[in-house]
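Lettering of chains follows the sequences in order, A, B, ..., and the numbering in each one begins at 1. On a predicted model such as this, the values are computed, not experimentally measured, just so you know.
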Number of protein chains: 2
Amino acid sequence: MPRKPAYDRDALIAQARDLFWRQGWAGTSLKDLERALKLKPGSFYAAFGSKDALYALALERYADEGVARLEALARELGPLGALKTQPRLVVEAANAPAKACMLAKTYAELSAKNHDLAQLAATHLSRMKACFADLFRQAQAQGQIGGDHDPERLAARYQSDLLGLRLSAERGDVDARQIAADIAADLDRL
Amino acid sequence: MPRKPAYDRDALIAQARDLFWRQGWAGTSLKDLERALKLKPGSFYAAFGSKDALYALALERYADEGVARLEALARELGPLGALKTQPRLVVEAANAPAKACMLAKTYAELSAKNHDLAQLAATHLSRMKACFADLFRQAQAQGQIGGDHDPERLAARYQSDLLGLRLSAERGDVDARQIAADIAADLDRL
DNA sequence: TATATACTTGAGTGATCACTCAATAAAGCC
DNA sequence: GGCTTTATTGAGTGATCACTCAAGTATATA
């Protein structure tokens, strides 16, 4: 009996993610979204409920795909190989909406106001950090890095470096490839 | 003949800087500023012209004080000492409005829209990077680090690490002191 | 084909945005 | 004390914000 929506919900979430990723929460108005998603206000709210609800979906999509990409990389190159390759991949991602991490941008923009989305971004950042820690643990178990390191500490430092790298990669006067190479080189000294 | 303003302009700029630093550009409304600076709209615009003009003054104040602090630190501890101490100082700054770098936050928030303030933040970030490069050059000249390093490259990596550290320091589930210590330790291996 | 069910449309909601300006108050110089 | 000059005040500006809803339209089932 019912009528099917004319849009592809998954594709709309991906488009919204790209827009939010580039422009941030306050920087993306409903007019922007309506234009990009080709949705009138009524359809938008029928589909997603609110701007914040869609932002939450976009954050989740972003984090899920990030974790999936990293795990696929680890299956291909091994744990240390994945960790060493990730910085370069992030810098060279040519068709990404932005270089900087969407989770970090969201947290930086909204944490001062205790916005729910900041807490959500923080949760996803923790998930990513745990992912890094797992890879360091595996690398340790396989003897690729020394056993006298704390995987959690390595993961925190690695994530921090990656966040800095991705922020630097947005700037015109910084050679992010060099930084990525230096981060990877540091992993060889473990 | 004229009447003197009842406010201390320098103090107002510092207060505005703290507010903008914490809440960002879009996150700080004129109502917020009027409340914090205890200025009615008319006085505000007579004093500063616009929200953006005040933000620009705040950015400049932020960058100037940052450079001054670093140079003072270098006079006290020498170039390498300053570079090694800075990460810890940044993390331990208890009464700062935020841990993350205001220049980086501004650039991340506004660069997608090609806002003038993003360009201004980028300029100040370059200034800071040049400052770091100078310190690395001095450390090299004094034999504190090996001569086979490019000071510009070291500075870019160092600044990137620092930006990541300062972002990480805002999170509750990250031990930023450990990261700061690890960044400092890396400088000893140069 | 008739009907029930949902999707689409877009004008319109009150709230808040950055900002203006005419009226009022106060301070320095004669 | 009178006059000039500037600071302060706060109601008010149009624009934009996220969001609503009633009316119109299309589709799957009976």
Side-chain angles (χ1 to χ4, degrees), chain A residues 1-13 15-59 106 109-110 112-118 120-121, chain B residues 1-13 15-59 106 109-110 112-118 120-121:
Chain A
M1 309 123 143
R3 176 183 170 189
K4 278 193 216 156
Y7 50 74
D8 176 351
R9 188 180 162 87
D10 273 5
L12 291 189
I13 294 173
Q15 274 188 279
R17 175 205 58 202
D18 290 355
L19 207 56
F20 283 135
W21 186 356
R22 237 184 301 129
Q23 306 187 344
W25 180 79
T28 307
S29 71
L30 244 98
K31 267 222 158 69
D32 291 336
L33 288 165
E34 288 164 23
R35 199 178 315 117
L37 309 192
K38 294 189 173 73
L39 239 46
K40 309 292 173 186
S43 295
F44 179 92
Y45 283 92
F48 301 113
S50 73
K51 177 183 169 181
D52 282 8
L54 177 56
Y55 199 106
L57 289 174
L59 269 188
T106 301
E109 180 182 3
L110 299 177
K113 305 220 160 165
N114 281 94
H115 197 297
D116 288 346
L117 290 169
L120 185 59
Chain B
M1 309 124 146
R3 179 181 168 191
K4 276 193 219 157
Y7 50 73
D8 175 351
R9 187 180 162 88
D10 273 5
L12 291 189
I13 293 173
Q15 275 186 278
R17 175 205 56 202
D18 290 357
L19 207 56
F20 283 136
W21 186 355
R22 238 184 299 129
Q23 307 187 345
W25 180 80
T28 307
S29 72
L30 244 101
K31 267 219 157 72
D32 291 336
L33 288 166
E34 288 164 23
R35 199 179 316 118
L37 309 191
K38 295 189 174 73
L39 239 45
K40 309 290 172 186
S43 295
F44 180 91
Y45 283 91
F48 301 112
S50 73
K51 177 183 169 181
D52 282 8
L54 177 55
Y55 199 106
L57 290 173
L59 269 188
T106 301
E109 180 182 3
L110 300 176
K113 306 220 158 166
N114 280 94
H115 197 297
D116 288 346
L117 290 169
L120 185 60

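Put simply, CG on B:L39 is 15 Å from P on C:dA18, counting in whole angstrom units. For the pair B:R35 CZ and D:dT9 C1', the computed distance is 18 Å after rounding to whole Å. A straight line from NE2 of B:H115 to P of C:dA18 spans 11 Å, rounded to a whole angstrom. The distance between atom NZ of B:K40 and atom C1' of C:dA26, rounded to the nearest whole Å, is 17 Å. Atom pair A:E34:CD and D:dC19:P shows a separation of 11 Å (rounding to whole Å applied). Distance CZ (A:F44) to P (C:dG10): 18 Å, rounded to an integer number of Å. Spacing between atom CG of B:L30 and atom C1' of D:dT16 amounts to 15 Å, rounded to whole angstrom units. B:L33 has its CG atom 11 Å from the C1' atom of C:dA18, to the nearest Å.
As judged by a 4.0 angstrom heavy-atom cut-off over every strand, A:S43 is placed among the base-contacting residues. Heavy atoms of B:F48 sit nowhere under 4.0 angstrom from any nucleic acid atom. Heavy atoms of B:K51 sit under 4.0 angstrom from primed sugar atoms or phosphate atoms, though from no base atom.
Comparing D:dT8, C:dC19, D:dC19 by their nearest atom to the side chain of B:A46 picks out D:dT8. Checking C:dT9, C:dA11, D:dC17 against every side-chain atom of A:P41, the shortest atom distance belongs to C:dA11. The listed nucleotides are D:dG10, C:dT8, D:dA18; the one nearest the side chain of A:Y7 is C:dT8.
There is no side-chain donor-acceptor pair under 3.5 Å between A:Y55 and A:T28. Under the 3.5 Å distance criterion, with hydrogens and angles disregarded, no donor-acceptor pair is assigned to the side chains of B:Y7 and B:S43.
Judged by closest nucleotide on DNA chain D, B:K38 is the one of B:K38 and A:W25 placed further toward the 5' end.
Contact annotation: B:Y45 reaches the phosphate of C:dC19 (side-chain N/O to OP1 or OP2, under 4.0 Å).
A:K113 NZ: more than 12 foreign heavy atoms inside a 6.0 Å radius.
A donor-acceptor contact shorter than 3.5 Å is absent between the side chain of A:E109 and the backbone of B:G24.
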Original post:
Stepwise, does the side-chain contact (heavy atoms from CB on, under 4.5 Å) test hold for B:L54 with B:L19?
Top reply: CA-CA 11 Å; B:L54 177 55; B:L19 207 56; over 6 Å; no

